[in-house]
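What follows is one structure encoded as structure tokens, with my remarks underneath.
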Amino acid sequence: MFSKCLSCQLSAAGKDLTKGYHRTCSKQLFGTAQPPDVPFKTTEVTAEAQKMVGRMSISGVQPKLSVIHDRRRHELTVVDRGGLFILKPQTDRFESLPENENLCMNIVSTYGIEVPPHGLLPLPDGKLAYLVRRFDRLDDGSKLQQEDFQQLLQTDDKYSGSYERIANFLKRHSDVIGLDLVRLFERALLFYVLGNGDAHLKNFSLLRREDVGYQLSPAYDVLSYRLVLPEEKDDMCLSLQGKRNSISKKDLQGLSEHFGLTGKQVNNALDRLSALRSSIEMMIEGSFLEKRLRNRFLEIFEERMDGVSNKGIRS
Ligand SMILES: Nc1ncnc2c1ncn2[C@@H]1O[C@H](COP(=O)(O)OP(=O)(O)OP(=O)(O)O)[C@@H](O)[C@H]1O
Ligand SMILES: [Mg+2]
Ligand SMILES: [Zn+2]
């Protein structure tokens, strides 16, 4: 029995939740009033994911399955092709990644960054897995064109890149340049304060939407890697003004100038984050992470917020 929603993570009197979901949260993610069951255990997901490597159109390092929601049987089914969701289970290497990813996706969404519908689902072994809807698939199964920035920038190394290089590409190819540059700036800011140190070139994509054309895709794979990898050398894997660590408001200002953003746009982005500071703290405290990880996450967040706070950036 869950006392808070497995998707939005807000508390609710038990009776308001069905199988751990608010009705509206379930509708948004699954299109049904109740979430489906997951008929396979964490170990089975990991074994199945091994088999699917190379067969799926989605890659990435962590084990994952491509699934659809079988509404007749009220359960998730694994598919080779045409999956509408990606399921990411717990891993042996890093603890609580599903809880971590659901929390971080909720935080960036609260800030105003577009993310696909997502949530946690309990497996029969009692462990939670993370589930996200694919933004490159429409309900009828048709596919939108999507290309990640390692492919777009034609580099062999997903870690050799910078926010400036992504911005330069957007300036040439986005159909909504001004909007995408603000979006990229907001992501650099949020990814830094959350400790999302694994935001490499494959974790940014350009998506071709039928209505607007080419633009930055919704955000995905947003996690606090600093939380599970405290010994990692760099805070950011893509550089920003030549730096990967100790990002300051001055660095953000330099980045915004490279992007061609106005002082007003930058102040707006920073002011909105400062205004949300206590709400984000509450989201961390109210997450499904265990207390030790919640406290550590708060420390990471506070330290970085102090570094980038808006005091002094005025134009
Ligand atoms: N919601 C989504 N909709 C469409 N495509 C997605 C979505 N989420 C992820 N992808 C695609 O699948 C790939 C792998 O997903 P993701 O980045 O979440 O996995 P990962 O194994 O954690 O990655 P990494 O290798 O960065 O650790 C992404 O690079 C992206 O191309
Ligand atoms: Mg990834
Ligand atoms: Zn909810």
Side-chain angles (χ1 to χ4, degrees), residues 2-14 16-30 33-35 45-46 49-50 52-53 56-67 82-91 93-94 97-98 100-106 108-110 113-121 129-138 143-152 157-159 161 191 196-209 216-225 228-229 232 237-238 283 286-288:
F2 294 97
S3 59
K4 57 198 173 204
C5 176
L6 288 165
S7 179
C8 72
Q9 306 194 165
L10 297 179
S11 301
D16 292 341
L17 300 176
T18 308
K19 297 203 309 195
Y21 274 73
H22 288 117
R23 192 186 158 84
T24 47
C25 291
S26 177
K27 275 248 168 214
Q28 204 198 3
L29 180 55
F30 303 108
Q34 290 188 20
V45 178
T46 314
Q50 285 286 342
M52 286 191 89
V53 173
M56 265 192 307
S57 60
I58 42 167
S59 56
V61 174
Q62 302 299 332
K64 61 183 74 59
L65 287 181
S66 181
V67 297
L84 290 181
F85 298 90
I86 300 169
L87 183 77
K88 296 165 90 174
Q90 301 283 342
T91 69
R93 178 139 182 250
F94 300 116
L97 289 190
N100 186 335
E101 186 158 1
N102 197 56
L103 168 62
C104 291
M105 293 286 278
N106 283 349
V108 300
S109 170
T110 298
I113 293 172
E114 190 190 354
V115 297
H118 57 273
L120 297 167
L121 275 178
Y130 172 77
L131 187 83
V132 65
R133 257 255 292 280
R134 290 188 65 158
F135 49 72
D136 60 339
R137 293 281 162 82
L138 304 179
K143 201 172 175 332
L144 301 180
Q145 195 187 340
Q146 182 199 4
E147 209 84 66
D148 71 54
F149 274 83
Q150 183 179 3
Q151 295 168 291
L152 294 169
D157 184 359
K158 63 185 180 184
Y159 290 109
F191 291 178
N196 179 17
D198 201 44
H200 50 66
L201 292 174
K202 282 193 155 309
N203 286 335
F204 294 87
S205 289
L206 207 62
L207 182 71
R208 182 159 181 250
R209 300 196 203 207
L216 212 51
S217 78
Y220 55 90
D221 204 15
V222 184
L223 285 107
S224 181
Y225 270 97
V228 289
L229 253 182
E232 177 71 30
C237 64
L238 297 182
M283 291 175 79
S287 72
F288 286 95

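What's counted below: heavy atoms across the whole structure, side chains too, no hydrogens, waters or symmetry copies. In each ligand, atom 1 is the first atom listed, and ligand 1 is the first ligand listed.
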Mark the output for Pro116 as yes if a heavy-atom distance to ligand 1 is under 4.0 Å, and as no if none is. yes
Output yes if Tyr220 passes the N/O/S-under-2.8 Å test against the Mg ion (ligand 2); output no otherwise. no
Atom 3 (N) of ligand 1: the protein heavy-atom neighbour that sits closest, reported with distance to 0.1 Å: Phe135 N, 3.0 Å
Taking the Zn ion (ligand 3) as the vertex, how big is the angle to ND1 in His22 and SG in Cys25, rounded to 10°? 120°
Nearest-contact summary for atom 7 (C) of ligand 1 - protein heavy atom, Å: Ile86 CD1, 3.6 Å
Rounded to the nearest 0.5 angstrom, the CD-SG distance for Gln28 and Cys8 is 9.5 Å
Please confirm whether the backbone N or O of Gln62 pairs with a side-chain atom of Lys64, one donor and one acceptor, at under 3.5 Å? yes
Check contact between Lys88 and ligand 1, using heavy atoms of the residue and a distance below 4.0 angstrom. yes
So Leu6 and Phe288, side chain to side chain contact (heavy atoms under 4.5 Å, CB included) or not? Walk me through it. CA-CA 8 Å; Leu6 288 165; Phe288 286 95; 3.7 Å; yes
Rounded to the nearest 0.5 Å, the CZ atom of Phe2 sits from the CG atom of Leu17 at a distance of 10.0 Å
Shortest heavy-atom approach to atom 5 (N) of ligand 1 - which of Gln146, Lys143, Lys202: Gln146
Non-hydrogen side-chain atoms of Ser205 and Tyr220 separated by less than 4.5 Å: yes
Using side-chain heavy atoms (C-beta onward) and a distance below 4.5 Å, is Thr18 in contact with Ser26? no
Nearest option to atom 1 (N) of ligand 1, as decided by whichever heavy atom of Met105, Glu101, Arg133 sits closest: Arg133
How far is atom 28 (C) of ligand 1 from the closest protein heavy atom, and which atom is that? Tyr220 CE1, 3.5 Å
Protein residue, atom and distance nearest to atom 15 (O) of ligand 1, heavy-atom basis: Lys64 CE, 3.8 Å
In this structure, atom 11 (C) of ligand 1 is nearest to the protein heavy atom Ile58 CG2, 3.7 Å
Counting N and O atoms only, with roles assigned by atom type, does the side chain of Asn102 sit under 3.5 Å from a partner on the main chain of Ser7, one being a donor and the other an acceptor? yes
Arg209/Glu114 ion pair, N-O < 4.0 Å: yes
Between the side chain of His22 and the main-chain N/O of Thr24, is any donor-acceptor distance below 3.5 Å? no
Which protein non-hydrogen atom lies closest to atom 25 (O) of ligand 1, naming both residue and atom, and how far is it? Val61 N, 2.8 Å
For ligand 1, which atoms sit closer than 4.0 Å to a heavy atom of Asn203? 17 (O), 26 (O)
Say whether His200 and ligand 1 are in contact under the criterion: heavy-atom distance to a ligand atom below 4.0 Å. yes
Working for side-chain hydrogen bond (donor to acceptor under 3.5 Å, both in side chains), residues His118 and Asn106: CA-CA 9 Å; His118 57 273; Asn106 283 349; 2.7 Å; yes
May I ask you to test the Val222-Phe191 pair for a side-chain heavy-atom distance under 4.5 Å? yes
Proximal ligand 1 atoms for Asp198, defined as those under 4.0 Å from one of its heavy atoms: 26 (O), 27 (O)
Roughly how far, to the nearest 0.5 Å, is CG of Leu121 from NZ of Lys88? 14.5 Å
What protein heavy atom sits nearest atom 13 (C) of ligand 1, and how far off is it? Ser59 O, 3.5 Å
Backbone or side-chain N/O/S of Asp221 under 2.8 Å of the Mg ion (ligand 2): yes
SG (Cys8) to the Zn ion (ligand 3) to SG (Cys5), nearest 10°, is 110°
Considering only the protein, which heavy-atom contact is closest to atom 24 (P) of ligand 1, and what is its distance? Asp221 OD2, 3.5 Å
Closer than 4.0 angstrom: is that true for some heavy atom of Asp148 and an atom of ligand 1? no
